Amino acid sequence: MTPPPVDWNRRHLLDLERLSAAEITALLDTAQWMKDATGGCRNKLSLLSGMTCANLFFENSTRTRNSFSLAARRLGADTVEFSSGGSSVAKGETFVDTAKTIEAMGVDWVVTRHSTPGTPHLLARELRCRVLNAGDGAHEHPTQGLLDMLTIRQHRGRIEGLTVALVGDIAHSRTARSNLWGLRKLGAHVIVCGPATLVSPRWEELGIEVAHDLDAILDRCDVLNLLRIQFERQSTPSFPSIHEYALRYAMNGRRMRRSKPDILIMAPGPINRGVEITPEVADGPQSVILDQVTNGIAVRMAALWLLAQGTGEET
Ligand code: NCD
């Protein structure tokens, strides 16, 4: 049993900006197949046994790292776990040399997360194996964008024509950027909403709606994706206090009552309860946050599978 053939020929998954709508749909269709074929990502398939996936993470991660590992193992592949803390990076080895060293252990895919934008693109040029971007600075996080879209599609049956608001720290969010590209290509109306210090008016040039008042857009939204404030990427505070941010942008019970009754509440995690979302909303009936986590495994299984099939030489 193998996934149905789809329109895909790439060896690397670096960002959603360069993918076509057909390629994004191919990834989502294959992810749905993976989820269904594994009883909701719980059972193993032996589609990629004998292959090896290395996680090269130079930044913290809970969801993404474990999800990639499980995805590889659900497909029968082996995994190698690398963390920059305690490695030879501390002895002065370059990023590329570290990656080449891991690759030389017989690795077929490198999954990389790094605080510098473009590092996966660099590895795709320097390595012979396949490269997947698990987050490069504030640039992109393509599998996060895909798992968010898969979750919307499962609950709504489509992406096209829906109004999706990304709320919060758009300026520093790679999740926002991957969602923006992917959702636009699949025909959603996208709103970016947050304080003016974190939401640039220039997004309008790409046909994206820019809003600074959540209460003013709420009744039009089919989906809200609530992004964490990335304090670790901000040198000066972007608003006077967390309390002020929460008053204006936290999704809470009062705002839920003013929203469409079937609104989907999403968050890439980690969530900061009481900042961008209150516990009653995070744990409430419209929240699909844990579905997103399960779908992450399906999306990463699909990505590993499709890249293993791809022969294109593009980077
Ligand atoms: C995000 C990340 O690290 O980019 N989390 C994730 O991968 N699920 C978002 C965040 O850190 O807020």
Side-chain angles (χ1 to χ4, degrees), residues 13-17 31 41 55-72 81 83-85 111-121 132-152 164-183 192-195 198-199 223-234 237-239 242 245-246 249-251 264-277 281-282 287-301 303:
L13 179 60
L14 304 176
D15 49 55
L16 296 191
E17 182 176 1
C41 301
N55 272 335
L56 234 73
F57 277 55
F58 291 79
E59 259 191 23
N60 297 343
S61 174
T62 305
R63 276 149 277 266
T64 307
R65 179 179 203 131
N66 289 314
S67 180
F68 265 112
S69 290
L70 270 178
E81 294 294 337
S83 297
S84 52
V111 178
T112 182
R113 169 172 284 193
H114 200 286
S115 55
T116 304
T119 41
H121 307 70
L132 296 98
N133 181 3
D136 60 329
H139 176 227
E140 278 223 37
H141 189 354
T143 54
Q144 182 69 46
L146 290 164
L147 75 88
D148 291 344
M149 286 189 281
L150 183 65
T151 307
I152 296 172
V164 181
L166 305 169
V167 182
D169 187 354
I170 310 302
H172 303 97
S173 173
R174 50 198 177 204
T175 296
R177 249 163 282 278
S178 289
N179 265 274
L180 281 169
W181 292 121
L183 288 165
V192 287
C193 178
L198 295 174
V199 182
V223 180
L224 285 189
N225 199 340
L226 303 165
L227 305 175
R228 188 176 64 88
I229 303 299
Q230 313 251 322
F231 291 107
E232 70 277 19
R233 298 194 202 284
Q234 299 178 15
S238 300
F239 39 82
I242 289 180
Y245 180 84
Y249 298 105
M251 199 54 193
L264 286 189
I265 300 296
M266 304 176 65
I271 58 171
N272 286 156
R273 289 173 183 262
V275 182
E276 71 270 11
I277 191 166
V281 178
S287 167
V288 293
I289 294 172
L290 295 178
D291 290 355
Q292 290 172 262
V293 176
T294 308
N295 285 332
I297 302 177
V299 156
R300 291 166 182 129
M301 290 174 78

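Order of listing sets the numbers, starting from 1, for every ligand and every atom in it. Keep in mind the model is a prediction, meaning the values are calculated, not measured.
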N225 side-chain N/O to L166 backbone N/O, donor-acceptor pair under 3.5 Å: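 Side chain of N225 to backbone of L166, a donor-acceptor pair under 3.5 Å: no, none is there.
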Criterion side-chain contact (heavy atoms from CB on, under 4.5 Å) on I170 and L198, from CA distance to verdict: CA-CA 6 Å; I170 310 302; L198 295 174; 5.7 Å; no
With sequence neighbours excluded, residues passing side-chain hydrogen bond (donor to acceptor under 3.5 Å, both in side chains) with R228: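 Counting only residues at least two positions away or on another chain, R228 forms a side-chain hydrogen bond (donor to acceptor under 3.5 Å, both in side chains) with E232.
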Ring centroid separation H139 to H121 under 6.0 Å: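 Aromatic pair counts; centres sit under 6.0 Å.
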Salt bridge (Lys or Arg N to Asp or Glu O under 4.0 Å) partners of residues 132-147, not counting sequence neighbours, each pair once: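 Counting only pairs at least two positions apart or across chains, no salt bridge (Lys or Arg N to Asp or Glu O under 4.0 Å) contact touches residues 132-147.
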Residues in contact with ligand 1, criterion: heavy atom under 4.0 Å: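 Near ligand 1, by chain and number: R63, T64, R113, H141, Q144, R174, T175, R228, Q230, P268, G269, P270.
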Partners passing ring pair (Phe, Tyr, Trp, His ring centres under 6.0 Å) against H172 (at least two apart in sequence or in another chain):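 In terms of ring pair (Phe, Tyr, Trp, His ring centres under 6.0 Å), with neighbours along the sequence ignored, H172 is linked to no residue.
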